[in-house]
Amino acid sequence: MVLEAFGIQKAFAGDAILKEVSFGIAAGHSLAITGPSGSGKSTLLSMLGLLLQPTAGEIRFKGRNVSDLTDDARSRLRNQSYGFIFQNPQLIGSLSVLDNVLVPARLARRSGCEPEARRALESLGLGHRLKHLPHQLSIGQKRRVAIARALLLKPEVVFADEPTNDLDPELAARLGDYLLGLTKQGSTLVLVTHDAAFATRADRCFQVADGNLQEVMPTERTSIGC
Ligand SMILES: Nc1ncnc2c1ncn2[C@@H]1O[C@H](COP(=O)(O)OP(=O)(O)OP(=O)(O)O)[C@@H](O)[C@H]1O
Ligand SMILES: [Mg+2]
């Protein structure tokens, strides 16, 4: 398993959002998480991506417990192995589109990534916006910049929180193909989405309900919109 969760719990100010979440995902597989708004999907993804500490439980990456890493070790692991597409694009307002996409390369002290950043932005239909600042973009354009940024260093695990929000159906379908296609090159995809057509295409599908994660079997998927 590349990623495992054992008895993950999360409470905010005593309010239990996630009660007991356990699952594992093998390398090169895709896993979709669905569930009602406010059920804890983004909270769960943030914990799996080491952006938020669980109240209890353990997360393992390639068999190693990563729940109690120091902040430095956690950042290193995230920079080296994880790509995170946030629900809210979170671009750096003072940097151009191209420089935003290059942030992971700068953090990892990797040079020579600019051609790849340009290529990714062009393939996402943003070749004419490289020098623009985030406030000059539409929300769907910002989302695409955030996607190019998360994927720049070809991370082993891609965490994507509602990546197709704000995109027109054609672009959403293309992006779905692209993200699922990453698993064929060995990346693992953990996806949160309300987009039923997209979720159905993942290898496994889970639903968050009442603080727990339940697997939705392929035969049940359409009946619950997954
Ligand atoms: N930092 C926080 N402090 C307090 N409560 C929080 C915090 N972050 C999230 N919550 C609460 O946790 C619950 C789950 O939030 P989360 O963002 O994980 O939901 P979600 O399933 O991703 O919803 P959506 O589909 O609307 O994105 C919500 O009730 C939210 O108010
Ligand atoms: Mg969310």
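Just follow the structure's listing: the first ligand is 1, and inside any ligand the first atom is 1.
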Modelled atom types, side-chain donor and acceptor of Gln9 and Thr55, under 3.5 Å: no
Nearest-neighbour protein heavy atom for atom 15 (O) of ligand 1, which is reported as residue plus atom name and distance: Thr43 OG1, 3.7 Å
Atoms of ligand 1 close to His194 [distance to a heavy atom under 4.0 angstrom, numbered from 1]: 25 (O)
Side-chain donor/acceptor of Arg149 to backbone N/O of Asn100, under 3.5 Å: no
Side chains of Asn65 and Ser67, donor plus acceptor under 3.5 Å: yes
Ser42 atom OG and Gln87 atom OE1 as seen from the Mg ion (ligand 2), angle to 10 degrees: 80°
Structural part of Ile17 in contact with ligand 1, heavy atom criterion under 4.0 angstrom: side chain
Heavy-atom nearest neighbour in the protein, as seen from atom 6 (C) of ligand 1, with distance rounded to 0.1 Å: Phe12 CD1, 3.2 Å
Close-contact set for ligand 1 against Gln87 heavy atoms, below 4.0 Å: 27 (O)
Aromatic centroids of Phe61 and Tyr82 separated by under 6.0 Å: yes
Pair Glu116 + Arg119: basic N to acidic O under 4.0 Å: yes
Lys41-ligand 1 polar pair, N/O distance under 3.5 Å: yes
Close approach of Gly40 to ligand 1, heavy atoms, under 4.0 angstrom: yes
Among Arg118, Arg129, His132, side chain to side chain contact (heavy atoms under 4.5 Å, CB included) partner for Leu98: Arg118
Top protein contact for atom 17 (O) of ligand 1, by heavy-atom distance: Ser42 CB, 3.7 Å
Protein heavy atom under 4.0 Å of atom 26 (O) of ligand 1: yes
Test log, rule side-chain hydrogen bond (donor to acceptor under 3.5 Å, both in side chains), inputs Arg74 and Gln53: CA-CA 11 Å; Arg74 181 187 303 270; Gln53 278 286 92; 2.9 Å; yes
Distance flag for atom 30 (C) of ligand 1, protein heavy atom under 4.0 Å: no
Side-chain ion pair, Glu156 and Lys62, N-O less than 4.0 Å: yes
From Gly38, Ala13, Ser46 - option closest to atom 14 (C) of ligand 1 by heavy atom: Gly38
Side chain proximity check, Arg201 to Asp177, heavy atoms < 4.5 angstrom: yes
For Pro36, atoms of ligand 1 separated by under 4.0 Å from a heavy atom: 21 (O)
